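Numbers here simply count residues along the sequence, with the first being 1. It should be emphasised that the depicted structure is a prediction, and the values quoted were computed from it without experimental measurement.
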Amino acid sequence: MLFSLVVELLDGAPAHRIFWPVELGSMLLFLATMTRRGRQWGRVTLTALVANTVVFRLPGMVGNPGDRQPLAVAFDWMSLGAMVAAVVLIFLPAANRHLRATRDQQRLVSPRVRKALLATHIASAVGWLGVISVMATMAIAAAGADDLGYLRSAYTMMLLVDETFLGPAHQLALLTGVALAAGTPWGLWRRRWVATKLVLMLGIMLVGSAVLQDLALRAHELVEAGRPVAEIRGEAGLPLALLTPLGPAVGLIATLLSVYKPGGPTRYGRRRGAERRRPRQAGAPGAGEPQPARHDPRGHTRGSRIG
């Protein structure tokens, strides 16, 4: 998608659009390198990144290409096809054998990479929480305003912040969280607090893309068309003011989950834990064999319990 960005920049597109493609390209390169080195967490995170990109980019590419350059749209389709093909390739039998051969040694993130991921996760999550809180404040203030000039400024700024910072920060926070979960003993679905946090972040991302962004665009269109303030408020302004505070609320819940880690293991986590303990117990020296009796100084004969 960097190629489509170059085409659009040459055609006069705003320079702030560079953040998202540069972030996406950097993450793809890093995760592809980790997967090639046999890191299972890299494959999991790369799959999540491609799935996230397909879900959020495909509807716009299919339903509303707008006035974009045909060459830029073609580059987008080629990039999306290449990412999907890459995910298919890393799940082929040869790739599975390669990952299986290094899984025991490379299952977890190295301490240095973990620190880098954790720092990026915290910074992007704090940035996303700040951005969504500012957008919620602007939406609430605009819903109570009566001046068209104020509404134009508020909704224009909301769209600018959304396109420049909100999407990249949310995606970076989500995917670094996936990498930290998949590459540490916590696991992605083994603990209730991790699974709940992931579902919450995916949910607010879907709501933001499918509902909030459309409401902000609609409000901006109504303002630019010079529609009455009451119409703007009723059709887009008030729903936007009621829904945008969901973002800061979800961010606060995710923070509390990360700090307190409630809930214990999931059913999948308990099953995986039992499966991992069983081979160790079966392979222990003398496991399953009766132990020789030992004589207690007090005159009692003791033998070790079996099972």
Side-chain angles (χ1 to χ4, degrees), residues 5 8-9 11-23 52 55-57 59-61 63-68 122-174 199-256:
L5 172 66
E8 291 181 336
L9 289 176
D11 193 48
H16 67 265
R17 292 185 181 177
I18 195 172
F19 291 104
W20 189 290
V22 168
E23 177 192 290
N52 180 73
V55 168
F56 291 102
R57 293 282 296 184
M61 292 168 60
N64 185 27
D67 56 353
R68 298 182 63 202
I122 293 173
S124 56
V126 170
W128 170 78
L129 184 57
V131 169
I132 195 64
S133 298
V134 168
M135 291 185 65
T137 303
M138 288 191 291
I140 293 171
D146 295 321
D147 180 60
L148 278 177
Y150 185 92
L151 295 179
R152 181 177 292 107
S153 299
Y155 292 129
T156 300
M157 185 58 64
M158 284 186 68
L159 291 176
L160 178 63
V161 170
D162 177 32
E163 189 173 6
T164 307
F165 296 112
L166 185 63
H170 196 169
Q171 178 171 262
L172 193 58
L174 175 66
V199 170
L200 285 174
M201 295 301 287
L202 286 173
I204 197 63
M205 203 169 188
L206 287 170
V207 170
S209 176
V211 180
L212 297 181
Q213 192 176 57
D214 287 347
L215 286 173
L217 285 169
R218 180 57 180 163
H220 186 263
E221 291 172 357
L222 292 172
V223 170
E224 291 297 322
R227 306 302 299 173
V229 172
E231 180 181 344
I232 298 170
R233 183 181 296 123
E235 187 169 338
L238 190 58
L240 191 61
L242 292 174
L243 291 175
T244 45
L246 289 175
V250 168
L252 178 60
I253 294 172
T255 302
L256 294 174

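In this structure, Leu159 and Ala216 approach most closely via the heavy-atom pair CD2-CB, 3.7 Å. In this structure, Ala143 and Tyr155 approach most closely via the heavy-atom pair N-OH, 4.5 Å. The shortest heavy-atom contact between Gly234 and Pro239 is O-CD, 4.0 Å. Pairing each heavy atom of Val229 with each of Ala145, the nearest pair is CG1-O, 3.6 Å. Taking each heavy atom of Thr244 and Ala241 in turn, the nearest pair found is OG1-O, 3.8 Å. The two residues Ser133 and Leu129 have their closest heavy-atom pair at OG-O, 2.7 Å.
Heavy atoms of other residues, nucleotides or ligands lying less than 6.0 angstrom from CZ of Arg227 number 12 at most.
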task: Please report the C-alpha distance between Leu200 and Ile253 in whole Å, then the side-chain angles of each, then the deciding distance to 0.1 Å, and finally whether the side chain to side chain contact (heavy atoms under 4.5 Å, CB included) criterion is met.
output: CA-CA 9 Å; Leu200 285 174; Ile253 294 172; 3.6 Å; yes

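In this structure, CG on Leu206 lies 11.5 Å from CG on Leu212, to the nearest 0.5 angstrom.
Looking at His170 and Ile204, their side chains come closer than 4.5 Å, going by heavy atoms from C-beta outward. Contact annotation: the side chain of Gln213 never approaches that of Glu163 to less than 4.5 Å [non-hydrogen atoms, C-beta and beyond]. Proximity of Val223 to Thr156: side-chain heavy atoms (C-beta onward) are nowhere separated by under 4.5 Å.
Of the possible polar contacts, none joining the Ser209 side chain to the Met205 backbone as a donor-acceptor pair under 3.5 Å is found.
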